[in-house]
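What follows is a set of notes on a single structure, which appears directly below.
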Amino acid sequence: FTVPCSAILSSYLLGERLNLLGKLGCMLSLVGSTVMVIHAPEEEEVTTLDEMTSKLKEPGFLAYAAILLALCFLLIFYLAPRYGRSNILIYLTICSVIGAFSVSSVKGLGIAIKGFFAGQPVLQHPLTWILVVTLVASITTQINYLNKSLDIFNTSLVFPIYYVLFTTIVITTSIILFKEWVTMTVVDIIGTVCGFLTIILGVLLLHAFKDMDVSLGNLPQVLQSEQQEPVTRDDKNILIEVDNSSIGPEDKPKV
């Protein structure tokens, strides 16, 4: 509900306007994300911190985490100072990439809390404190760059794009960390791909046509103006008009 609620509240409370294509983009983003979640496989059951540690130490997830960290450092230290105030995707991509670490940390801390109430020595486990530090650092970074994005760009655009990017990164992280892609059927794979393509189409409508004045009221006029093609005039007609402009009405030849 974040996407439609933020669009509606920003239009009423902040005076920001979302055109018809933006509203369609919000709906497509919701539909695509819902399709991806429906076809996403179930998580592999992880009940202890030792099992979580073994998952985090796997080479596939370590390579994925290294790529995300490199991308995050590139965005923060190189692209954000240069293009952050002009491109809405810079700050939101930082928030989404960091979200992969925050969600993984929340998953691990949830296991630690269950183990604490079950009487397990989770406070002596080093992974617990690593997850706490990672969660605090990632959430602080997300809040910082999300506020920067909200200060510069339209709220109706920030939340849908952030929602789509964040959901995609989180689902990808969950698939890699818990090996969920092994149990996916052909129908689930097709559904996930279709949902992702729907998300891309929604983001395109949100971002590419945000400055167009399109609504249900002026839609017929917009379509009519696009269908009217300008009349092209060749050089012969222009030369004849220029040449005849110096001749008086009584001296013009009659045909």
Side-chain angles (χ1 to χ4, degrees), residues 32-33 36-37 39-84 87-115 122-149 161-184 188-189 192-193 195-196 199-200 203:
S33 299
M36 287 191 67
V37 171
H39 290 280
E42 296 182 358
E43 294 184 10
E44 182 179 343
E45 189 66 24
V46 179
T47 57
T48 63
L49 289 177
D50 292 332
E51 294 178 358
M52 188 71 182
T53 303
S54 62
K55 292 292 183 183
L56 295 174
K57 288 183 178 180
E58 291 184 358
F61 181 76
L62 291 177
Y64 175 73
I67 293 173
L68 290 183
L69 282 176
L71 177 61
C72 187
F73 288 144
L74 176 64
L75 290 170
I76 292 176
F77 296 107
Y78 181 76
L79 295 178
R82 292 170 173 80
Y83 310 106
N87 194 330
I88 191 174
L89 296 178
I90 301 297
Y91 290 152
L92 297 183
T93 304
I94 295 174
C95 297
S96 302
V97 171
I98 294 296
F101 299 98
S102 64
V103 171
S104 301
S105 301
V106 169
K107 173 70 174 179
L109 289 176
I111 297 174
I113 293 173
K114 291 181 181 179
V122 296
L123 296 179
Q124 287 76 26
H125 203 290
L127 181 61
T128 302
W129 303 106
I130 293 175
L131 293 176
V132 170
V133 174
T134 303
L135 181 62
V136 172
S138 59
I139 289 181
T140 304
T141 306
Q142 283 181 270
I143 293 175
N144 178 34
Y145 285 99
L146 183 60
N147 286 333
K148 286 184 177 181
S149 181
I161 297 176
Y162 173 59
Y163 169 78
V164 170
L165 294 176
F166 180 79
T167 304
T168 304
I169 291 292
V170 167
I171 291 178
T172 305
T173 303
S174 180
I175 291 174
I176 294 176
L177 180 60
F178 298 103
K179 299 282 192 307
E180 296 171 343
W181 52 271
V182 177
T183 59
M184 291 182 67
D188 291 332
I189 294 175
T192 304
V193 173
F196 185 70
I199 290 174
I200 293 177
V203 173

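Since the structure is predicted, the reported quantities are computational estimates derived from the model, not experimental observations.
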In Å and rounded to the nearest 0.5 Å, what is the CG to CG distance from L74 to L79? 4.5 Å
Would you indicate whether the side-chain heavy atoms of S33 and Y163 approach each other to under 4.5 Å? yes
Is the closest side-chain heavy-atom distance between T172 and Y64 below 4.5 Å? yes
List the atom of A137, the atom of T141, and the distance in Å for their closest heavy-atom pair. O-OG1, 2.8 Å
Could you grab the distance from atom CD1 of I76 to atom CG of L69, nearest 0.5 Å is fine? 9.5 Å
Under 4.5 Å between any side-chain heavy atoms of L68 and F101, yes or no? yes
Do T173 and V103 come within less than 4.5 Å of each other through their side chains, counting heavy atoms only? no
Spacing of CG belonging to L56 relative to CG belonging to L62, to within rounding of 0.5 Å: 8.0 Å
Roughly how far, to the nearest 0.5 Å, is NZ of K57 from CG of L127? 9.0 Å
Would the distance check show the side chain of W129 and the main-chain N or O of L123 forming a donor-acceptor pair, the cut-off being under 3.5 Å? yes
Residue pair L75 / Y91, side-chain heavy-atom distance below 4.5 Å: no
Any M52 side-chain heavy atom under 4.5 Å of L177 side chain: yes
Between T167 (side chain) and V164 (backbone), is there a donor-acceptor pair under 3.5 Å? no
Give, for atom CD1 of I139 and atom CG of N144, the distance between the pair rounded to the nearest 0.5 Å. 13.5 Å
Neighbour count >12 (heavy atoms, 6.0 Å) for atom CZ, F61: yes
Could you tell me if the side chain of H125 sits less than 4.5 Å from the side chain of T53, heavy atoms only? yes
Taking atom OH of Y162 and atom CG of L92, what is their separation to the nearest 0.5 Å? 8.5 Å
